[in-house]
Every structure is written in structure tokens, then in C-alpha cells.
Amino acid sequence: MRVAFATEENNGLNSVVSSRFGRARYFVIVDYEGGEVRSHRVEVNPGSEARSGAGIKAVQKLINERVNVAVAGSFGPNAMTALEEMGIKHVEMSGITVEEALNRLKDHL
Amino acid sequence: MIISVSGGKGGTGKSTVAVNLAILLAERRRLVMADLDVEDPNDHILLGVGLEDERPVNIMLPFIRYDDCIKCGECGRVCDTGAMLISPDGLPYVIPRLCSGCRACYFVCPTKAIVEGERTIGYTYHTVVERGSRFDLVTGMLREGEEHTPPAVLAARERALSLPADLYLVDTSAGTSNSVATAMDGSRLVIAVTEPTPLGLHDLELILRLTQKMGIETWVVMNRSGLGSEERHEEVVRSYGSEIVARIPYSRRIVESYVRGEPITLLYPDSEEARVFRELASMVEGVM
């Protein structure tokens, strides 16, 4: 299971999950298997610098990274449509670290 | 000849000025008025007329022939608006609402797997107005939820220019966006309506910069004159080689005409405000 957390800081699992998805600065991408973190890395969100269609550019990044679940405080309508069409689950959660968010999510992953 | 009414800030009275000018100029000239504020056209409301003779504004919408798609992803890379998503299996997926109809994907596709469809993003209307004088009003209107204004502005503009006239009077939207520049393109003169407020001043300077870049002579009309200081406005206007050519007093009569839906040149033709509009109209006739 690969989970992407929208964040504003490049601080690995200690980054705080952002309230926004499309224009968040980074995605912390976590590979989670058998109840534990196998690996994680940080990727710049191309949507953060987009003039328009930020949400879609962010979704495209997650598709390219083969992500299964996206986590952010809120998702725009375009991003929501695209995520649903592409079969990527989205979870609304923010203001806590990636690690804390993973703990809350783990029973569902 | 095209003359545009603009001004940067919203709510300064662009449409009020445009509508009253149209009524006065149409007394002696064959006039077509174009309401190109496609996100919120309201000249017809101020004139108390309806929107008639509807025509759709269609833009290209890509359709994909998946049998011919080789999953190269070129269409997704070239798309500037994010309307083309490349799915995990490499096939493109179109999000219509984000598509501006630019055709870049269509041109870049190496196997011609993209075919040209259509989508209606708005409408244009043509109403014959008989309010004191007689003229044509062409209105552009974007559909609710649509994001790309320029195609609707262009379609309404072209429809207006296809009608015979001595003078085309264009009413633009607020701001200095692509849509405003598209609306004003080819104008002999821009009438920039402002008001004596800091925001009026700020946006006036933006529109003066735009018209200077476009090389269009610009006159400034001060609406709600007397409400606040106009000194800084005068300095800025001078620095752009322009001039405040008319001052419309801040008055109860204008508000009343607005509330009653009756342009002031018709409601109170002998008022001070109507006199200012008549002077402005004769100045405009001077450049024709």
C-alpha cells in the first residue's frame, strides 16, 4: 500500500499534513506493508507551482508514483473527480504529523 | 470604429457609463453595443431589455479513439490547463471543465487518436434596444461553472462586429485579464471609469498600464466625484499622458435611476448628471 501525504515541509515522517492538496509544497510518500513503514521519500508537488489545474497536476504526480491513497486536509473539486476516476482513495486529515496520521489510518490500510 | 469602456475596479460604474453613452450616441449614429463582461453581463438589465436570439458558444473538446492510442503521454505533457490526465495504464482521460479548447493535444498526437468534439461554454444574444434611441445590443454570457472566458468574449465580439454600424461600443469586465485585453483589442479609444477611492486608484493605474502597452488612447471618467480625494488620481492619470475628461457627481438621482432600472439620461434628461453624459458623448463624437 502506497500512501501520499500532502505537506508544506520536507521533514519526512515528522512533516505536518497540510490542509490543502493541490497546492501543497510536497508529498511524503510512504510504503506501508504488514503494519509498518517499509520506506518513505519526499517529492515536490508540481501542482504547487502550476498556474492553473493544480489539483490535476498533483493527481497526475500521484498516478505516476503509483500511489493508492492520498491524505490532505481538503481536496478541490477537480482533484476529487480525478482521484475518484483514477481509483485513488482520498482521506481528509490535517494538522498532525505524517506518523500520527499513519497511526490513525493503519487499521484501514 | 470601436470604443471600449473599462476601468479596472469592479463596481465603478462602467456599465452605467456605457449604457448612457450608448443611448446618447445612438441618437445620431448607427450603434452596436457589445456587453463583453461575460461572467456577469448586466447592460441588458440596466437598459430594461431581455436577452434574445440565443446562439451557443462552442469550443473544441478532445475525444480519444482508444484503439489508436499508443500511450505515449504527449497529450498530457502538452496540456497547459490540466484537462488531460494520463491514467495508471497510460491512457489519457479528459476532464472537460478544465479544457480551454486550445487543440494542442490534437496537434501533438502522433497517431491522430484525438478527434475534435465540441462543448458549449456559453451563449451570445442579440437584442434590438429601443430606449430613447434605437441600437443593437450583443451580449456574451459564460455558462455557470465555466472557467475560460476568452472564447465567450471573442464570440460575442465577433457577433457584434458582424452587424453593420458606425460605432461599436464595448463594455468590458473588471480587471486587466486576458478577457479585458481581448475585449478592448482594436479600440480607437478606451474610456476608463474610476472612483475616488484607494482601490479605484490602484486599479485605474493597472488599466492605464494595459492600455499604454496596447497603444490605445485612454480617457478617464471619474464617477462618484466628490466622495473622496482625486489628487493622486490626477497625478497618475497625467503621468500616463491621459486626462480626466468627465466627472459624474455622487448623487442620489443616479442611485434612483439604478434602483428604477431606468438610465439617468432618460429618467432625468435635464439633470446635471445627464449633462455630463451628453458632454462626454459629444467628445466621443469628436474623435469619430
Side-chain angles (χ1 to χ4, degrees), chain A residues 1-6 18 20-27 29-33 41 43-72 74-91 109, chain B residues 38-39 59-64 66 69 71-105 108-109 114 119 121 142-153 175-182:
Chain A
M1 183 69 66
R2 190 166 286 176
V3 189
F5 296 85
S18 176
R20 54 190 191 165
F21 172 74
R23 293 201 177 273
R25 294 273 298 130
Y26 302 101
F27 288 122
I29 299 176
V30 178
D31 279 324
Y32 192 85
E33 295 297 340
R41 62 203 152 90
E43 295 281 337
V44 172
N45 171 17
S48 66
E49 285 151 11
R51 264 188 309 125
S52 64
I56 298 300
K57 281 165 187 149
V59 174
Q60 185 70 68
K61 177 73 178 168
L62 300 195
I63 292 169
N64 298 345
E65 299 290 339
R66 310 273 159 186
V67 164
N68 307 107
V69 182
V71 183
S74 67
F75 297 82
N78 294 324
M80 201 92 97
T81 307
L83 288 167
E84 279 164 11
E85 291 289 343
M86 294 300 143
I88 299 174
K89 293 198 181 82
H90 51 92
V91 178
L109 295 177
Chain B
V38 300
E39 284 179 285
I59 63 170
M60 185 268 195
L61 178 67
F63 280 81
I64 295 149
Y66 285 107
C69 178
K71 305 182 181 179
C72 67
E74 282 300 321
C75 51
R77 273 189 287 280
V78 81
C79 182
D80 187 44
T81 61
M84 192 71 81
L85 200 59
I86 306 299
S87 65
D89 55 11
L91 289 168
Y93 174 83
V94 181
I95 300 168
R97 209 171 65 80
L98 292 177
C99 178
S100 68
C102 77
R103 287 186 167 79
C105 55
V108 86
C109 178
I114 292 177
R119 184 167 74 92
I121 59 148
L142 203 65
R143 282 181 68 182
E144 189 90 30
E146 290 293 341
E147 298 190 359
H148 300 286
T149 51
V153 171
T176 45
S177 69
N178 199 357
S179 297
V180 175
T182 303

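Numbers restart at 1 for each chain; the letters A, B, ... are given by sequence-line order, proteins then strands. The basis for the numbers below is simple: all heavy atoms, side chains too, and nothing from hydrogens, waters or symmetry mates.
The structure places CG of B:D80 at 5.5 Å from NZ of A:K57, a figure rounded to the nearest 0.5 Å.
Side-chain contact between A:I63 and B:I86 is absent, with no heavy atoms from C-beta onward closer than 4.5 Å.
Annotation for A:K61: atom NZ counts as buried by contact number, over 12 foreign heavy atoms lying within 6.0 Å. No more than 12 heavy atoms of other residues, nucleotides or ligands shown are found within 6.0 angstrom of CD on B:E39.
Residue B:G82 comes nearest to A:I56 through the heavy atom pair O-CG2, 2.8 Å, listed as atom of the first residue, atom of the second, then distance. A pairwise comparison of heavy atoms in B:P88 and A:R66 identifies O-NH1, 3.2 Å as the closest pair. The shortest heavy-atom contact between B:M84 and A:Q60 is O-OE1, 4.1 Å. Across B:E147 and A:N78, no two heavy atoms sit closer than the pair OE2-ND2, 4.1 Å.
Contacts from residues 93-104 of chain B to chain A, taken as heavy-atom pairs separated by less than 4.5 Å, involve B:Y93, B:I95, B:R97, B:L98 in sequence order.
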